[in-house]
A.B. asks: 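This is the structure I have questions about; it appears just below.
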Protein chains: 2
Amino acid sequence: MNLSVAEENYIKSIYKLQEGDEAVSTNALAYELDTKPASVTDMAKKLKEKKLIEYEKYQGIVLSSDGRKAALQIVRRHRLWECFLVDKLLFSWEEVHELAEELEHVRSEKLTNRLSEFLGNPVLDPHGDPIPDANGKLAKPRPQTSLDQTNAKRLVVTAVTDQSTALLAFLNAKGIKLGTQLEILAHYEYDNSIEIKLKQQPAITISEQVAKHIMVRPV
Amino acid sequence: MNLSVAEENYIKSIYKLQEGDEAVSTNALAYELDTKPASVTDMAKKLKEKKLIEYEKYQGIVLSSDGRKAALQIVRRHRLWECFLVDKLLFSWEEVHELAEELEHVRSEKLTNRLSEFLGNPVLDPHGDPIPDANGKLAKPRPQTSLDQTNAKRLVVTAVTDQSTALLAFLNAKGIKLGTQLEILAHYEYDNSIEIKLKQQPAITISEQVAKHIMVRPV
DNA sequence: AATATTATTTAGACAAATCTAAATAATAAA
DNA sequence: TTTATTATTTAGATTTGTCTAAATAATATT
């Protein structure tokens, strides 16, 4: 099955949006891909033809098992390149997403596997997301919740679920990265903000908007 | 100037074919790019519009100075990725051309320069071709001739001018790679073949067809 | 339940890159 | 120099991926 770059991007985005088993809506996918709903409908027909998705009009989109397999390969390539860029070329973690977005489309199993080996077969990418292995198996992520929903007070940052440069740069400025330990001081309900404190740092306040993208686990 | 992948491939091929200052013909370019002459004419008009080539109908194609600049950037990326694949991912030199063909289209100066640094700013790629620096300056290649035209007898292989997997695999099988030292035993005129001998190896015979792609210099 | 709103799809168009077949120009051969 | 051959271009079609505007379906509101 030979996928175009456009098809790969659709598959990847469907995979990303398809939390649990609910179908992905045309609108959500259009927003994610920065395109128009009409274009999504067009592409949905093609991907259904290729048996990569299940799609009936007005019913949303679900990956087929072939589609899921393809998605995992793309995600694997993306995350391995992110590791390469951060570990070997010394990029900072918020810079690498867009570059990996391009590198991921070089479809060579041999290259992917050699790259993985070169990097020491990493299991997590620089954002803390798990890297599928050559067979598409995903390591079970350790239990984590978003910062705005946890009850625990002392936490460690395990992942960031929004890859946008803006957010990652923001976190960088605040000194928050993977593995950063922090303490929740207070939730303020009236403006949905959270007051947190990093070690050896004054307390800072972050919005729920930001907090929901920071994944943490108790420490 | 933002070039599409197709445009980059044209620019690169024109650069490759434009030995000296003679214009590249529509047919030659079509053959090189494995496409049809009509398609070349179409693209020539676009590239002229973008001022990357000089082109008048029936007169062939020459790179403009902008075009040459673009070509050197593409060549730089291609050759750096080849180094990466051979030096770091342990690919053999005949495998890397096609992969580099894809990787070269990731247009990020920062990535290119970091990659170069990571590799120790190499000056030659695994095939012995010089790598343009960040400003597009090409190191002057050391004097070399093709194996079928030299007068010297004891030689060292400095480059291979045909990147086809077939030729590179053939050379590999014969034990010929960059830096290999060899001795010319005889030229046979009646079938244009050359008898050569590698150190600690029995003599072998190769055709002029092959020899003309092997660049050497006296040792 | 009727109406308004939102989501989705269809129809038709467009740009990029390619192709085939036919026309024209340049070059080589007689 | 006329004719044949080869190279190149044009005209028109095709594919992929996208778009806008209009139509239709699903959902929410009154």
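The figures that follow rest on heavy atoms only: side chains count, while hydrogens, waters and symmetry mates do not.
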A.B. asks: Which whole-number value in Å describes the distance from B:Asn9 CG to C:dT18 C1'?
C.D. replies: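 Distance check: B:Asn9 CG to C:dT18 C1' gives 14 Å.
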A.B. asks: Taking everything shown except B:Lys16 itself, do over 12 heavy atoms lie less than 6.0 Å from its NZ?
C.D. replies: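 Not more than 12 within 6.0 Å, no.
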A.B. asks: Would the distance check show the side chain of A:Glu7 and the main-chain N or O of A:Ser4 forming a donor-acceptor pair, the cut-off being under 3.5 Å?
C.D. replies: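 Yes: the side chain of A:Glu7 pairs with the backbone of A:Ser4.
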A.B. asks: Round to the nearest Å and state the distance from B:Lys48 atom NZ to D:dT8 atom C1'.
C.D. replies: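 One finds 15 Å between C1' of D:dT8 and NZ of B:Lys48, rounded.
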A.B. asks: Going by distance alone, is a donor N or O of one side chain under 3.5 Å from an acceptor N or O of the other, for A:Ser64 and A:Asp66?
C.D. replies: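 No, A:Asp66 and A:Ser64 have no side-chain donor paired with an acceptor closer than 3.5 Å.
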A.B. asks: Between A:Asp191 and A:Ser193 (side chain of the first, backbone of the second, donor and acceptor by atom type, cut-off under 3.5 Å), is there such a pair?
C.D. replies: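 Side chain of A:Asp191 to backbone of A:Ser193: a pair is present.
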A.B. asks: CD of A:Glu49 versus C1' of D:dT16: gap in Å, rounded?
C.D. replies: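 So the two atoms are 15 Å apart, to the nearest Å.
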A.B. asks: How long is the line joining OH of B:Tyr31 and P of D:dA7, in whole Å?
C.D. replies: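 About 13 Å, once rounded to whole Å.
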A.B. asks: Find every protein N or O atom lying less than 3.5 Å from an N or O atom of nucleotides 20-28 of chain C, and list the pairs.
C.D. replies:
from	atom 1	to	atom 2	distance (Å)
C:dA25	O4'	B:Tyr58	OH	3.4

A.B. asks: Would you tabulate the pairs of protein nitrogen or oxygen atoms and nucleotide nitrogen or oxygen atoms of nucleotides 12-17 of chain C closer than 3.5 angstrom?
C.D. replies:
from	atom 1	to	atom 2	distance (Å)
C:dA17	OP1	B:Ser4	OG	2.5

A.B. asks: Determine: side-chain N/O of B:Tyr55 to OP1/OP2 of D:dT9, distance under 4.0 Å, yes or no.
C.D. replies: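 Yes.
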A.B. asks: So does B:Glu109 have more than 12 non-hydrogen atoms from other groups sitting under 6.0 Å from CD?
C.D. replies: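 Atom CD in B:Glu109 is not crowded, with 12 or fewer foreign heavy atoms closer than 6.0 Å.
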A.B. asks: Does the side chain of B:Phe84 reach to within under 4.5 Å of the side chain of A:Leu115, using non-hydrogen atoms?
C.D. replies: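 B:Phe84 vs A:Leu115: side chains touch.
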A.B. asks: When you check the side-chain N and O atoms of B:His105 and B:Asn9, is any donor under 3.5 Å from an acceptor?
C.D. replies: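 Distance-only check passes for B:His105 and B:Asn9.
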A.B. asks: NZ of A:Lys50 versus C1' of D:dT15: gap in Å, rounded?
C.D. replies: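 Spelled out: NZ on A:Lys50 to C1' on D:dT15 is 12 Å.
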A.B. asks: Nearest whole Å is fine: how far is D:dT18 P from A:Asp34 CG?
C.D. replies: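 Result: 11 Å.
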A.B. asks: By side chain to side chain donor-acceptor pair (under 3.5 Å), which residues pair with A:Asn113, not counting sequence neighbours?
C.D. replies: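 Per chain and number, A:Asn113 pairs via side chain to side chain donor-acceptor pair (under 3.5 Å) with A:Arg76.
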A.B. asks: Atom CD1 of A:Ile11 and atom P of D:dG17: how far apart are they, to the nearest Å?
C.D. replies: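 Checked: the CD1 to P distance equals 12 Å.
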A.B. asks: Have a look at B:Val157 and tell me which of B:Leu178, B:Leu147, B:Leu171 forms a side chain to side chain contact (heavy atoms under 4.5 Å, CB included) with it.
C.D. replies: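 Among B:Leu178, B:Leu147, B:Leu171, the one meeting side chain to side chain contact (heavy atoms under 4.5 Å, CB included) with B:Val157 is B:Leu178.
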A.B. asks: Under 4.0 Å from OP1 or OP2 of D:dT8: is there any side-chain N or O of B:Asn27 that close?
C.D. replies: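 For D:dT8, OP1/OP2 do have a side-chain N/O of B:Asn27 under 4.0 Å.
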A.B. asks: Would you indicate what A:Thr41 reaches in the nucleic acid, counting non-hydrogen atoms under 4.0 angstrom: base, sugar-phosphate, or nothing?
C.D. replies: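 Contact class for A:Thr41: base.
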A.B. asks: How many whole angstroms separate atom CG of A:Leu33 from atom P of C:dT8?
C.D. replies: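 The answer, rounded to whole Å, is 14 Å.
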